[in-house]
Amino acid sequence: MTPVLELVDLEVRYGSVPALRGISLVVERGEIVTLLGANGAGKTTTLRTISGLHRAHSGRIVFNGRSIEALAAHDVVGIGVGHVPEGRRIFPRMSVLENLEMGAYRRRGELKDDLERIFQLFPVLGERRRQDGGTLSGGEQQMLAIGRAMMSHPDVLLLDEPSMGLAPLVVKAIFSIIDQIRADGTTILLVEQNATQALQLADRGYVLENGEIVMSGPSEEILGDQRIRAAYLGEGAAS
Amino acid sequence: MTTISGEAVNHPERMASRSPAPGEGRYRALVRLSRNDDVRRFVISVVGGLVLALITGPEGNGVQMLSGINGALLHPHVFICLAVTVGVWVLITVRHHFARQVEHVSGRVMALPKAVLPDRRVRAGLWLALFAFAIIYPPTLNSFWQNVLVEQIGIYVLLAIGLNVVVGYAGLLDLGYIAFFAIGAYSDAYWTGMLPVHPPLHLNPFWVFPLAILTAMLAGVLLGGPTLRLRGDYLAIVTLGFGEIIQIVANNLQGVTGGAQGVINIPHFSVHVAGIKYHWGLSNLPYYYLILGFIVLALLAYFSLEHSKVGRAWTAIREDEVAAEAAGINTLKYKVMAFAIGASTSGVAGVIVASQIGFVEPGDFTVQLSILILVLVIFGGMGSLAGAVVGAAVLQWLPQFLRVHPLFGYNQLDLYIYFGAILILMMIFRPEGLIPSRRRRREIVLAEHGVGSADAMESGHSGGGLAAVANPEADL
Ligand SMILES: Nc1ncnc2c1ncn2[C@@H]1O[C@H](COP(=O)(O)OP(=O)(O)OP(=O)(O)O)[C@@H](O)[C@H]1O
Ligand SMILES: [Mg+2]
């Protein structure tokens, strides 16, 4: 079975400054894969390049067997890649409902079932469907951003630090919803700094450092690795 | 830390330890007063009235420089000006307090915009009434006002509706809008055979409309395609340049455009179709109805666009372009589309003016005109069709009214000063415009409640940082 998403030797630059120095990564159907790394490691760059918001310098992005590195961002959405961007970026002056409808912009047909599903995942969005996106709390905005991306029926959902700035309880809730979204059949690539929780949720992980993948493997393996524990899990350096 | 001046007064010992300048108490009272919105606005309105009197008064001269000021401020005229501005203040204050009460009663912030807005049926009724008025009323006017209606109001309403799509819907700042007007006008001159270069076939100006629309649209796409990929600010600069280029080309390309003398004898419209024969002559009224037809057409088209998928894409682009792109919207396509729609509207207006006056010259297409139309749109309320129509009509009618009115009779050269003043007042008191769109109103309401804009500081009750800065007595 071909992987849903595969990055092959992907190199990305900002001007002449390299941000990704040839990374390769595989996401199989039905997996939750997490991409970890410190600030500036290149996690957001990776996701933005996959979804076409930024152009790769070289390398390939293969989605369901098809090279998509030349595709425009709005077309990448159309073929089944949902992107929940860093910082949520919901439409602040559109209502919750309108935000969700925007997520389905590329699709035709009835949205009722989709909306119902989103409101089932996130009951609070249902309660606040007429409220303006910008007046939601941080956690609610994150849910809305995820819901909006789900409205496009993605095969793969790219999540960029969904836990950013949220209380532990809310993070827990959101992570359990991510798990449920995967159970419903959506593959997930999760970018996180919150390494412990991300690894507890994910099947496998990659660790990015200065634009290079320095480690990859099953979550337990990464969780058990001394170097990683020292660098990302907030434990003192093992001497 | 919420020391406000009121508390400081209650601590005489502390006061004494500082330099007890006489009049300090009065000063603090003034500071406190100045924080009251109503008072602040009142002061502004009085100052505004004086400035208005000054501007509208006689000019000074080299010998007696102050004669202008004397003549303006020591003249009954000043009372009229003050009455106008203070009257505006009263209106605004009443409205403000009323609005606050509504908000208080309705309790929920989000409920406000809808509650204040008349419902759909009322609005449709208002539109119909306006339309009926626009049909029935003009024939009763004298020829001066009919001319104003065509050349000052009708054309500008059409132009404002078009620019509203660009600026209001898609949020693109187009400072070269009048260039497309020029393209329309020169297309008309070309296809009717009045330019030094001759067309393959001569057309009646009426049939130039589709060609001018296409040409202006094409120019819009060619200009917008590359520029709209860039950040928003570049568009403003490029369009500004484009407006200048068109004007300079029209001026200098003598062999093609006729140069600075312009083009004369552009024929009037006429139709010969299916037994209908009509010729637009020198009278203004037929042109007025032609313009009205285009206005209604544009209104219907843009209204349905606004409420279609295209309109929602524009809104999303205005809100957050990256998020819009990530939601699957081809942002470039929709931006170019808005730009081209605006351009074609401007082109239509150009054809009408060229064929009505029969004369086109490069001097007609100044940057000032582009900016004037932008002012009309902002004044009316960005993104609101009703705003564009009423705003443009009011702002174009008012100067003419004042010009011929015995009480005012201002100097035409001062016109832009007034526009500037009106715009400033508008930004202070009613930033959303005369008849704002529902969404724009919502933006303002949200901004007042601290979502999405720096305006949030205005209504802050916390008194924290800002109060400390504003209050020189604050205990730091
Ligand atoms: N638009 C840009 N122009 C220039 N450099 C950029 C741009 N965006 C990102 N970079 C640089 O690329 C590198 C990777 O940035 P990226 O945003 O991908 O990091 P990240 O892993 O998402 O970090 P964080 O966890 O802080 O979000 C950084 O060094 C950053 O400064
Ligand atoms: Mg990031």
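Note that this is a predicted model, so its numbers are computed, not measured. For the numbers below, each heavy atom of this structure counts, side chains included, while hydrogens, waters and symmetry mates do not. Below, chain A is the first sequence line, B the second, and so on; all start at residue 1.
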Checklist entry - For Glu101(A), is it the side chain, the backbone, both, or neither that has a heavy atom closer than 4.5 Å to a heavy atom of chain B? => result both
Checklist entry - Are Glu192(A) and Pro162(A) close enough that some pair of their side-chain heavy atoms sits under 4.5 Å apart? => result yes
Item to check | Any side-chain donor near an acceptor of the partner, Asn330(B) and Arg106(A), under 3.5 Å | outcome: no
Next on the checklist: Tell me if a side-chain donor or acceptor on Trp314(B) pairs with a main-chain N or O of Glu306(B) at a distance below 3.5 Å.
Outcome noted: no
Item to check | Max heavy-atom pair count under 4.5 Å with chain B, selected residue of Met151(A), Met102(A), Arg148(A) | outcome: Met102(A)
Checklist entry - Can Glu325(B) and Thr331(B) be counted as having a side-chain donor-acceptor contact under 3.5 angstrom? => result yes
Checklist entry - Relative to chain B, which segment of Arg107(A) carries a heavy atom at a distance below 4.5 Å: side chain, backbone, both, or neither? => result backbone
